[in-house]
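First the structure, in the form of structure tokens, and then the observations on it.
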Amino acid sequence: MNIPLSYSFRNLLTRRLTTFLTASGMAMVVFVFAATLMLTDGLQKTLIETGSPDNVVIIRKGAQTEVQSGVERLQTSIVASQPEIAIGQDGSCLMAREMVVLINLPKRGSNKPANVVIRGIGAHSLALRPQVKLIEGRMPRPGSAEIIAGLSLSGRFQGTGIGEHLRFGMREWRVVGIFEAGNTGFNSEIWGDADQLMQAFRRPVYSSLLFRLADVTQFAAVKERLEGDPRLTVEAKLEPRYYLDQSEAMAKFLRILGITLTIIFSLGATIGAMITMYAAVANRVSEIGTLRAIGFQRSSILAAFLFESLLLGLVGGVAGVFAASFMQLITISTMNWQTFSELAFSFSLTPTTVLQSLGFSLVMGFVGGVIPALRASRMSIVDALH
Amino acid sequence: MTVEREMEVRLKDVCKSYQRGSQQVPVLEKISFEIARGEFLALMGPSGSGKSTLLNLLAGIDKVDSGTITIGGCEITTLGDSELADWRAASVGFIFQFYNLIPVLTAYENIELPLLLTCLSRRERREHVLAALEVVNLTDRMDHRPSQLSGGQQQRVAIARAIITDPAILVADEPTGDLDRVSAGEILNLMDHLVRESGKTIIMVTHDPRAAEKAHIVRHLEKGILLES
């Protein structure tokens, strides 16, 4: 039987200041670790939620993003003839021919320019994206130089507020509405009539096509048919997959950077825990001798000190995750390198991140505590009692 | 007609030495003696005579170089490390000079510690601890931590912890060495009571002649050799 857990717990409480300082060091590392995962998750969540599960994106074969893609008008008509495309309330196919270009807009305050996605939309673009809602103003009239701006963009870029004007594509565009797109990438876009934008930017081709499948299980058949059609040079992807592919490189970079930093920090925190546990063992040599003399096995001593160290790690872990949870209140914007556009997203705390962070803190506690605990368990009873 | 007394402790030709640098320093040389069940033995001698080493060997926390020690029919010199720990848990109670209580545990929890190594239920453990607290007359202090108790009270908690598993022998290393005269007297009376009423076998190392007076037998060690009584 083991030494009671209260022994380890109370020893930590007795050394309040040391426990607090060591756990704080661990908490900071866990904070960085959790924040990194939350950042990556937030980015992926934003991009994945941008897509609807039954929507199909058609882009030029080989293009990674809509910005690189071009689909000719004739080809869009061939795609539109597919029988699997869902029919809207007006009896027409639920499909949108869209054009995407990047422009440079100055930010409010700093005047620093950043890339912004301009999306030329069709009549069904909004219907295909139920997460997008107009929250202020109205939709742009077809054939007019009117645009609507995403909520997270409108506050941050000059000329993107309702009633303001923007100049691009050699034309003056009036912002007539603000739309909210939840936690998605559309929140950082400007939308206008696709045909007007194509003329303004002298683009003869669409960037992409978006359509809804009447039955999502038909996707494989549609994909095979479209990609095998010799008249088409297109690639079909389910929308969530399309956005996930876009987020992969950036998420990977953030993950590697964050985890590298965390590992470096964690070495410091682990050494801190080790010093604390060595001090704990040194201060309790006589107790160790007494417990061994009473009849507790070496393994019980090892378990007691290891548990104490794990508890120390867990305290740091819980504090770190708690602190990191407040990061959810922050929205950050950065360049999405895949599309070269500005993307705003929030830190996202998932149960997996909580478990991984606590697991990480326990690993730090274990690594920091195992050598001092082994030392404690291997002490000679006679030496310990003297 | 003579009545053969049952021997609780038997030592035969026990030798022990320590390595100091490249030198082997003998501490105990061919120690042989026996203690009957229910006897109270005091080991006396000058510092460095090997008293504590002999006590450690008897308590199974140190190992002999040669010779045998048999306690309660068990030859402890043949036991391995893990078996010795189990044997100590069941058969030996320790009383230290500086009490060696666990500071973060209450008197009750300190006394309960050895019972955690048994298969007793929580309720049974409580019954045992309360009975031991009564023996040492500290029931009203059971929730106090060692720092909240006087030296004499701490030593009484240590005695309660030592007897809680009803061990065959109690080993006491200078049990009154850190106590004032009154407290020392109380502790010695308590040990005497344990011998008389509970039939415990006690082996005590002491420098204090008054403490030794309580013992049934006093043996002297000098330079690792047990003098004839």
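Letters go in sequence order (proteins before strands), and every chain restarts at 1.
- At least one donor-acceptor pair closer than 3.5 Å links the side chain of B/S121 to the backbone N or O of B/E124.
- Of the listed residues B/D173, B/D62, B/T165, the one with more heavy-atom pairs under 4.5 angstrom with chain A than any other is B/D62.
- Annotation: residues 79-107 of chain B contacts chain A through B/D81, B/S82, B/A85, B/D86, B/R88, B/A89, B/F94, B/F96, B/N100, B/I102, B/P103, B/V104, B/L105, B/T106 [non-hydrogen atoms, separation under 4.5 Å].
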Note to self: If you apply the rule side-chain contact (heavy atoms from CB on, under 4.5 Å), what do you find for A/L314 with A/L310, and how did you get there?
What the structure shows: CA-CA 6 Å; A/L314 190 64; A/L310 288 171; over 6 Å; no
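- Although no hydrogens or angles enter the test, the distance criterion places no donor-acceptor pair under 3.5 Å between the side chain of B/Q23 and the main chain of B/R20.
- Around the CD atom of B/E134, the shell of radius 6.0 Å holds no more than 12 heavy atoms that belong to other residues, nucleotides or ligands.
- A/S325 contributes a side-chain N or O that, together with a main-chain N or O of A/F322, makes up a donor-acceptor pair within less than 3.5 Å.
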Note to self: Checking B/Q24 against B/S17 for the side-chain hydrogen bond (donor to acceptor under 3.5 Å, both in side chains) test, could you report, in this order, the C-alpha distance in whole Å, the side-chain angles of both residues, the deciding distance, and whether it holds?
What the structure shows: CA-CA 6 Å; B/Q24 197 78 10; B/S17 60; 3.0 Å; yes
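- In this structure, the side chain of A/S357 does not engage the main chain of A/V30 through any donor-acceptor pair within 3.5 Å.
- For B/E109, the part lying near chain A is the side chain, with the backbone staying farther off; criterion is any non-hydrogen pair under 4.5 Å.
- Side-chain atoms of B/Q154 come within 3.5 Å of backbone atoms of B/L149 as a donor-acceptor pair (strictly under, hydrogens ignored).
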Notebook entry, point to check: Step by step, would you call B/Q155 with B/L190 a side-chain contact (heavy atoms from CB on, under 4.5 Å)?
Noted result: CA-CA 11 Å; B/Q155 195 60 296; B/L190 185 57; over 6 Å; no
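- Within residues 254-285 of chain A, no residue has any heavy atom closer than 4.5 Å to a heavy atom of chain B.
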Next item on the list: Test side-chain contact (heavy atoms from CB on, under 4.5 Å) on B/M204 and B/M191 and set out the steps.
Entry: CA-CA 10 Å; B/M204 172 179 72; B/M191 290 169 74; 4.0 Å; yes
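- In terms of heavy-atom pairs under 4.5 angstrom with chain B, the leader among A/S299, A/G295, A/S380 is A/G295.
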Note to self: As a quick check of understanding, evaluate side-chain contact (heavy atoms from CB on, under 4.5 Å) for A/S286 and A/T290, giving each step before the final call.
What the structure shows: CA-CA 6 Å; A/S286 159; A/T290 306; 4.3 Å; yes
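- Residue-environment remark: CZ (A/F9) stays at or below the threshold of 12 foreign heavy atoms within 6.0 Å.
- Chain B forms the most heavy-atom pairs under 4.5 Å with one residue out of A/T14, A/I381, A/I294, and that residue is A/I294.
- Your options are A/N11, A/L291, A/L13, A/V382, and the one with the most heavy-atom pairs under 4.5 Å with chain B is A/V382.
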